[in-house]
Amino acid sequence: MIPLPTGLRARLVITFTLVAVTASMLVATIGFELAKTALVTRTERTSMDLVVRELGGVDFPVGRPRPGEAAPTSRELNRLAQTMSAPGRSVVVEYGDLVSVTGPMNLRDVPNELYGRAKQSVVTQRRVIRGELWLIVGTEVHRATNGVPEATGLRAFVFFPMRADVGQLDTLRARLFQGGIAIVLIALVVALFSARQVLLPVRRLSAAAQALGEGRLDTRLPVHGQDELAGLTARFNDAAAALELSVSELRSLEAMSRRFVADVSHELRTPLTAMTAVTDVLSEEAGRLPEAPAEAVRLVLREIERLRELVEHLIEISRFDAGTATLNLEPVNVADAIDDCLGTRGWNEQVKVNASQGLTANLDPRRFDVIVANLVGNALKHGGPPVVVSARSTENGLEIRVRDHGKGIPREALPHVFDRFFKAGAGRARSQGSGLGLAIARANVHLHGGTISVRAQEPGTLFTVWLPHT
């Protein structure tokens with residue numbers, strides 16, 4: 001089955017064409033039938049008048065012989081038939097047992113219906129004889145007796161060829177067909193032009209909508225005319241203006257929010273620095289304090305560390321939001337960078353590393369350290385041993401895998417693990433993490449032009465980072 005076109009242009013063109021074809025066929029059919037009826041009527045009237053006129057000039061007595069009259073002879077009938085004959089025309093004259101014929105037709109070619117009706121009046125009938133259309137005019141000669149018409153028994157049947165009429169109708173049919181083709185072609189041109197006129201504003205609206213989707217919120221369209229498309233264009237401009245205003249307000253609020261987070265984070269840094277400076281002293285003193293005060297001191301130290309980590313993460317996130325985060329690429333030995341990351345944080349004994357010593361990549365060392373630290377730290381805090389870090393070179397870049405063997409992340413939480421402040425499960429709401437580590441890891445991966453993904457394993461969870469060669 002041929003699929004129906006679904007485009008608006010195709011449907012408009014098809015509709016115009018179908019209307020034009022239907023109208024052309026209707027007009028051509030009606031015109032042809034009217035012309036055919038008029039032509040046939042004229043031919044029949046002309047032929048009937050001719051037959052009546054020629055029979056009116058009969059100069060021999062017909063009917064029941066009156067005193068002193070003789071019945072018409074075969075010679076007189078032949079003379080009448082010859083008088084009524086003409087080129088291409090055939091005449092059959094009958095009187096009693098006498099029949100006179102001129103031309104190819106004879107009495108057997110006269111239809112029985114016409115033969116019977118010819119007694120009352122002049123009648124006609126069209127009939128195809130030997131592959132050609134003929135008009136047969138038949139009548140019986142009457143004479144008045146004491147003012148009363150009386151049948152004479154003399155009948156004449158004249159066969160008029162209609163080849164000229166058929167030729168005219170064929171010519172008319174050809175002209176109507178040619179005219180219909182011309183009308184369809186004109187309708188097709190008009191349809192294409194109309195479709196273009198209709199679709200041009202639609203295309204402009206589509207392009208403008210695409211521009212809005214791409215962020216060009218100042219996109220507007222000129223309004224021409226006062227039709228429905230002009231109204232639609234005006235409504236589009238109003239919607240675009242309202243959208244631009246709303247987005248501008250949202251961007252302003254977002255910028256204010258980012259500045260607020262950045263300012264607060266930087267303001268918190270100063271007191272945190274002072275608080276962190278005394279944590280070592282408090283930690284040493286906690287061992288000499290009674291159990292309750294010592295536990296309180298250790299709680300304060302943990303919360304200070306947690307607050308310090310949160311502030312550092314907020315500052316880092318604010319840099320990404322502000323677009324000020326930059327890459328400082330340099331050749332890095334991947335295995336050494338991973339070992340340094342784990343060693344600095346005291347994780348060497350808890351993590352197994354599978355990386356070739358000769359593996360190097362062009363990376364930002366600090367940001368690569370943040371990526372590995374966040375993924376490994378997440379595995380150690382929320383996963384289970386053993387935690388394995390693997391690094392290998394691929395055809396297009398560097399692949400880093402971090403896998404733990406814990407109970408894993410719930411499958412419904414996997415699409416959200418990189419969201420800010422997201423923590424899988426109610427039990428992690430007060431965990432030590434800030435909820436920003438994986439979001440920061442993803443931001444650093446994207447800054448390198450790479451990708452990061454997470455998959456559930458049996459058991460545990462697998463994070464995969466791909467960084468392209470640069």
Side-chain angles (χ1 to χ4, degrees), residues 3-17 19 188-267 313-327 412-413 415-422 434-436 438-453:
L4 295 176
T6 57
L8 184 56
R9 174 191 289 272
R11 283 184 285 175
L12 284 173
V13 171
I14 290 175
T15 301
F16 267 86
T17 305
V19 170
L188 186 59
V189 173
V190 172
L192 291 172
F193 178 77
S194 301
R196 182 181 181 276
Q197 292 298 106
V198 172
L199 292 179
L200 186 59
V202 175
R203 290 198 189 96
R204 289 173 178 167
L205 282 171
S206 177
Q210 183 178 359
L212 282 180
E214 293 172 352
R216 300 196 294 274
L217 300 181
D218 58 342
T219 302
R220 301 293 185 272
L221 290 174
V223 180
H224 301 292
Q226 297 181 350
D227 56 6
E228 290 81 358
L229 289 173
L232 177 61
T233 303
R235 299 292 81 75
F236 173 84
N237 289 339
D238 293 342
L243 178 63
E244 183 179 20
L245 179 61
S246 299
V247 172
S248 177
E249 292 176 350
L250 289 174
R251 286 175 176 171
S252 177
L253 292 173
E254 185 181 9
M256 292 173 58
S257 175
R258 288 174 180 172
R259 284 197 300 271
F260 175 77
V261 171
D263 293 343
V264 169
S265 300
H266 282 87
E267 289 299 324
H313 284 176
L314 286 174
I315 292 174
E316 186 71 9
I317 284 290
S318 67
R319 291 195 186 101
F320 284 108
D321 289 342
T324 59
T326 58
L327 279 178
E412 63 273 12
H416 307 287
V417 295
F418 296 108
D419 296 345
R420 296 179 183 182
F421 300 107
F422 178 80
S434 65
L436 294 173
L438 292 180
I440 292 174
R442 181 177 64 173
N444 280 288
V445 169
H446 289 172
L447 193 61
H448 278 85
T451 60
I452 184 170
S453 62

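Position 1 is the first residue of the sequence; numbering continues from there.
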How far does [atom1] of [X] sit from [atom2] of [Y], to the nearest 0.5 angstrom?
X      : Y      : atom1 : atom2 : answer
Leu438 : Ile440 : CG    : CD1   : 9.5 Å
Gln210 : Arg216 : CD    : CZ    : 7.5 Å
Thr219 : Leu205 : OG1   : CG    : 12.0 Å
Leu327 : His448 : CG    : NE2   : 5.0 Å
Asp238 : Thr233 : CG    : OG1   : 11.0 Å

- Item | Considering all heavy atoms, the nearest Ala240-Arg220 contact | CB-NH1, 3.5 Å
- Item | Shortest non-hydrogen separation from Asn237 to Leu221 and the atoms involved | ND2-O, 2.7 Å
- Query: Counting only heavy atoms not in Glu214, do more than 12 fall under 6.0 Å of its CD?
  - Reply: yes
- State, yes or no, whether a side-chain contact exists between Leu245 and Glu249 at a heavy-atom distance under 4.5 Å. yes
- Under 4.5 Å between any side-chain heavy atoms of Asn444 and Arg442, yes or no? no
Please identify each residue that fulfils side chain to side chain contact (heavy atoms under 4.5 Å, CB included) with [X], with sequence neighbours left out.
X      : answer
Asp419 : His416, Phe422
Ser246 : none
Ala209 : Phe236

